Amino acid sequence: MKNQELANIFYEIADYLTMEDEVFRPLAFKKAAVSLETMKENIEEIYKKGGIPALKEISGVGKNIAEKIEEYLKTGRIKCCEDLKKKTPIDIQELIAVEGLGPKKIKFLYQKLKIKNLKDLEKASKKHEIAPLFGFGEKTEKNILQGIEFLKTSKGRFLLGEILPLVKEIAEKLKNLKQVKKISIAGSVRRMKETIGDVDFLVASNKPAQIMDFFVSLPEVIKIWSKGKTKSSIRLKNGTDMDLRIVPEKSYGAALQYFTGSKEHNIALRKIAMTKGLKLNEYGLFRGSVKIAGENEKEIYKKLGLQWIPAEIRENQGEIEMAQKNNLPKLIEQNDIKGDLHCHSNWSDGENTIEEIAKQAVSQGYEYIGISDHTKFLKIANGLDEKKLAQQKKEIDKINVKCFTPLDAKLSNGARMSNVKCRILQGCEANILKDGSIDIKNETLKKLDFVIAGVHSSFKMPKEQMTERIIKAMQNPFVDIISHLTGRLLKHREEYEIDFDKILACAKETGTILEINANPYRLDLNAQNIRKTKEMGIKMIISSDSHHKEQLNFIEFGVSQARRGWAEKKDIVNTFSLKKLLDFLK
DNA sequence: GCCGTTTTCGGCCCGACTGTTTTCAGTCG
């Protein structure tokens, strides 16, 4: 999307300007870049509809930047950026990704050693040319080498799902220290972002020294970045960076607010504090030198005239304005979920039997569990054909009678029935073929309790064609749900190109449910798309897409993702009771 | 370069830590 392309260029301009010792113009370009990458509207459409005046409506965009946006949309380039590049011909994005390097040092390295990119940088630091430079030194050189190594081995960010278990484990260890009075996970992990740059722990204590010692000597640590009285920073063997901050109990709430972020949210909050003649920092909310809040996070929001804002939506995406009007949505919660309709059994490529999956569902307190195996086009996943689906239905009926209460059963012989109230439903995850048709006959789809359809092939179609393909699938009267709409695999595969607005319009018209796939590698829809879908009044479903019974727990990530997209209980159909859900599917 | 219920000029969030200095610039979050 052009929004992101433009944002990247503006970040680049900002860095170049910083190298030239500009102070405030870089700020302006960064602000515009943030607006561009976080806004929901497509910049091309805004420009098409309203030209330059419409562009200037965007926060942080004035006359000059609006003209640069126009220039880019018309010509595909921005001259002033190219001029800056000519003046200092370096790969700034690559270099700035190295931890510890900023625009100033990069400029100095270019002037002294003609370092233009990562390769030059690596060569120079290996030849020990960097340490003797004024303002650099042995440690800086070593850090640069390690920074380069890190960039090579990881791409800098980790999936929430990959690290959350370890984060919880370390939090638990810290909690058990007697010097620790309170502990919380803060930062982007608390906000449950799908990928995490680093992990922040916050601790309340009056005796920080021993806690810090404990933290930097955790068995997983391979590198201590810094160790101070109140803040330390480490890297673990798996490559994750973790920060620990220790504050007195009196400041714990303010610090929790501060270190949870996001940065944009905090800046907006501090500005509100200023307009009220107050000052907000990690130690508290102050009027002059008098602290008026600090121990409790809720109190900070209250004194700023705001509802308390759930961490998942602290992105300065309108949540502050809503909180001022006491009008925040009541976000969906983990225990609102009553079932899961996207589970693969060993009939296709799952690990477990239907009965094992169903028992796991019961232990999670679900009212229903949907088995939705792959269908015949996906031969590699052992996809089911019409005949196999019919056999599977018989099997499911049997297990329902054996173990669970069937729907609307007239229990003439109550003693035979288990009192467990969970119902196995049969669906499938059918394939949307290249031409938009479904790989299973309608007469078979008709007999299932529900039908999920998804794209599992030919990902690289042109945008229009892919959009038409999915729309045609939604128009099939038996398709209830579209799975993982954009097909992205975090850190592995880009989204396929679709016209999301067109698909939303069709979902609205056909009453199709869109899936929020909870698999940590997918989390698809993303937060922005969830919010758009909700605003259109289109229903969604949170699905584990599990291939192992333990993976039913993925639902946690899906609920967090839904919360990040402002979804409420009523927006998500698997918060419905079994009866309501079946009526809705009908 | 942007912005305005104090401002069309004069501000732009701000504190901790490192590695280099000899009192602080650069970077980070």
Side-chain angles (χ1 to χ4, degrees), chain A residues 10 13-35 55-69 80 95-109 130-144 147 156 186-191 196-202 208 212 223-234 241-247 251 254-255 257-286 316:
Chain A
F10 288 157
I13 294 176
D15 290 329
Y16 275 119
L17 292 173
T18 310
M19 288 201 301
E20 317 227 316
D21 293 321
E22 295 256 9
V23 181
F24 296 111
R25 282 167 74 214
L27 255 154
F29 277 99
K30 276 187 189 165
K31 190 163 181 248
V34 169
S35 288
L55 294 177
K56 282 168 73 178
E57 291 293 306
I58 300 165
S59 152
V61 175
K63 179 170 174 288
N64 192 301
I65 290 184
E67 283 170 5
K68 288 191 169 50
I69 294 174
C80 94
L95 290 171
I96 214 139
V98 177
E99 188 124 33
L101 279 191
K104 297 287 171 72
K105 282 187 179 160
I106 290 172
K107 182 191 180 191
F108 195 76
L109 288 172
I130 290 179
L133 295 179
F134 180 83
F136 290 73
E138 289 297 328
K139 284 198 171 171
T140 308
E141 187 175 86
K142 214 173 137 207
N143 283 339
I144 286 174
S188 51
V189 178
R190 184 171 179 225
R191 302 202 312 280
I196 303 296
D198 64 5
V199 179
D200 295 285
F201 294 103
L202 178 71
M212 280 303 180
K223 162 98 186 160
I224 299 168
W225 290 119
S226 65
K227 185 175 175 232
K229 280 183 191 149
T230 63
K231 179 191 167 183
S232 293
S233 192
I234 58 172
D241 285 337
M242 297 196 167
D243 289 351
L244 171 63
R245 329 247 180 172
I246 304 180
V247 297
S251 309
Q257 195 291 309
Y258 185 91
F259 293 120
T260 296
S262 70
K263 192 175 163 190
E264 287 72 24
H265 176 90
N266 285 357
I267 290 172
L269 240 52
R270 262 169 273 160
K271 283 181 182 164
I272 290 178
M274 277 166 61
T275 64
K276 291 181 183 292
L278 306 173
K279 187 179 134 136
L280 178 64
N281 60 27
E282 61 261 56
Y283 300 109
L285 183 62
F286 298 87
N316 194 24

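All of these numbers come straight from a predicted model, not from anything done at the bench.
- When distances are taken from the side chain of D200(A) to each of dG29(B), dC17(B), dT20(B), the shortest belongs to dG29(B).
- Enclosure of atom NZ in K223(A) by more than 12 non-hydrogen atoms of other residues, nucleotides or ligands within 6.0 angstrom is indicated.
- Between D21(A) and K104(A), at least one side-chain nitrogen of the basic residue sits less than 4.0 Å from a carboxylate oxygen of the acidic one, meeting the salt-bridge criterion.
- Here dC12(B) presents its P atom at 6 Å from CE of M274(A), a figure rounded to the nearest Å.
- Closest contact between the side chain of F24(A) and the listed nucleotides dC17(B), dG29(B), dG1(B) involves dG1(B).
- With a cut-off of 3.5 Å on both Watson-Crick or G-U wobble distances, the partner of dC17(B) is given as dG26(B).
- Atom P of dT23(B) sits at a distance of 22 Å from the matching atom of dA16(B), rounded to the whole Å.
- Each of I96(A) and E138(A) was matched to the nucleotide of DNA chain B holding its nearest heavy atom; the match closer to the 5' end belongs to E138(A).
- As rounded to the nearest Å, dC12(B) and dC17(B) have C1' atoms that lie 24 Å from one another.
- Of the C1' atoms belonging to dT7(B) and dC2(B), the separation is 14 Å, rounded to the nearest Å.
- Residues forming a side-chain hydrogen bond (donor to acceptor under 3.5 Å, both in side chains) with R245(A) (at least two apart in sequence, or on another chain): none.
- For the P atoms, the distance from dG15(B) to dC9(B) is 30 Å, rounded to whole Å.
- For E141(A) (side chain) and I130(A) (main-chain N/O), a donor-acceptor pair under 3.5 Å exists by modelled atom type.
- Here the side chain of Y258(A) is nearest to one of dC12(B), dC14(B), dA16(B), namely dC14(B).
- Distance noted for atom C1' between dT5(B) and dG1(B): 24 Å (whole Å).
- Stacking here means ring centres nearer than 5.5 Å and ring planes tilted less than 30 degrees, and by that measure F136(A) does not stack onto dT20(B).
- The shortest distance between the side-chain N/O atoms of N143(A) and the OP1/OP2 oxygens of dG19(B) is below 4.0 Å.
- Residue order along DNA chain B, read from the 5' end via each residue's closest nucleotide, puts V61(A) first among V61(A) and K271(A).
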